[in-house]
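Read through the structure below, which is laid out as structure tokens, and then see the notes.
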Amino acid sequence: MTNGRLECRILLFMLLLSTLFAAASCATNESKAKKVIQEYLKPHGVTDVNVDLFYTNPNLPDKAYTSATVVYSFASTEGKPQREFLGFILTRAGNEWRVESITGYTKEQKEAAGYLAGGK
């Protein structure tokens with residue numbers, strides 16, 4: 001194997017590792033966000049939280065936007081579990097996240113960036 005091919009394979013391997021690390025980091029942040037939202041809404045009878053979007057902006061490293069579909073323990077008028085679509089601004093507290101405020105819901109990163117910047 002020539003040095004060029006070896007260097008190319010090493011570079012590809014490093015790229016793959018960094019991609020996997022970034023994906024794992026996102027998954028960790030999403031699970032942390034889900035947990036903090038569940039705890040935040042627990043007094044309101046939430047039974048399930050599904051994170052629809054977790055978004056961070058490199059210019060605001062200590063803030064994140066998360067949208068979630070929330071299911072409550074009580075039923076709608078049709079007898080189905082009540083669902084709500086909520087958006088949250090999270091702030092970093094050490095290695096964890098905490099809910100700063102509830103905001104509009106979106107699954108679009110562009111809109112999430114607007115919410116993080118203080119838009120409505």
Side-chain angles (χ1 to χ4, degrees):
M1 194 176 300
T2 65
N3 281 345
R5 288 182 93 187
L6 181 61
E7 288 175 2
C8 184
R9 287 186 179 197
I10 290 172
L11 183 62
L12 286 173
F13 181 72
M14 297 296 284
L15 181 62
L16 176 65
L17 281 179
S18 64
T19 302
L20 289 174
F21 179 73
S25 177
C26 274
T28 299
N29 278 323
E30 282 186 33
S31 64
K32 287 180 180 181
K34 179 178 180 174
K35 185 178 177 181
V36 76
I37 291 168
Q38 284 175 321
E39 289 298 315
Y40 183 79
L41 295 175
K42 192 175 187 176
H44 301 286
V46 168
T47 59
D48 189 34
V49 173
N50 183 36
V51 173
D52 299 322
L53 175 69
F54 182 85
Y55 172 80
T56 57
N57 183 330
N59 297 329
L60 301 167
D62 291 334
K63 288 194 172 223
Y65 172 86
T66 302
S67 62
T69 303
V70 178
V71 180
Y72 293 95
S73 60
F74 48 87
S76 66
T77 56
E78 296 88 30
K80 296 179 182 176
Q82 184 69 42
R83 301 176 83 119
E84 192 170 20
F85 303 94
L86 299 171
F88 300 88
I89 301 296
L90 306 178
T91 54
R92 191 173 298 279
N95 199 22
E96 301 295 320
W97 294 101
R98 68 173 181 81
V99 175
E100 179 180 296
S101 62
I102 297 177
T103 189
Y105 174 88
T106 187
K107 288 184 177 180
E108 302 297 324
Q109 288 187 0
K110 193 173 191 179
E111 287 181 54
Y115 287 128
L116 274 180
K120 295 191 182 224

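- Connectivity analysis of hydrophobic side chains (ILVMFWY, heavy atoms under 4.5 Å, direct or indirect) links F85 to Y105.
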Tabulate below the donor-acceptor pairs under 3.5 Å that side-chain atoms of residues 86-99 make, not counting sequence neighbours, or state none.
from : atom 1 : to  : atom 2 : distance (Å)
T91  : OG1    : R98 : NE     : 3.4
W97  : NE1    : N29 : OD1    : 3.1

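- Evaluation of the side chain to side chain donor-acceptor pair (under 3.5 Å) test over residues 53-68, restricted to residues two or more places apart or in two chains, returns K63-E100.
- Minimum heavy-atom separation, E30 to F54: CG-CB, 3.4 Å.
- Every residue meeting the side chain to side chain contact (heavy atoms under 4.5 Å, CB included) condition with T47, not counting sequence neighbours, appears here in chain and number order: V71, S73.
- Nearest heavy-atom pair across P61 and P58 is CD-O, 3.7 Å.
- Checked against side-chain hydrogen bond (donor to acceptor under 3.5 Å, both in side chains), Y40 has no partners two or more places apart in sequence or in another chain.
- Residues passing the side-chain hydrogen bond (donor to acceptor under 3.5 Å, both in side chains) test with Q109: none are found, sequence neighbours excluded.
- Among pairs with a residue in residues 71-89, none fulfils salt bridge (charged side-chain N to carboxylate O under 4.0 Å, His left out), at least two apart in sequence or across chains.
- With sequence neighbours excluded, the residues that form a side-chain hydrogen bond (donor to acceptor under 3.5 Å, both in side chains) with T69 are D52.
- Residue pairs meeting the salt bridge (charged side-chain N to carboxylate O under 4.0 Å, His left out) criterion with at least one member in residues 104-114: none, sequence neighbours excluded.
- For residues 35-48, the set of pairs meeting the salt bridge (charged side-chain N to carboxylate O under 4.0 Å, His left out) definition, not counting sequence neighbours, is empty.
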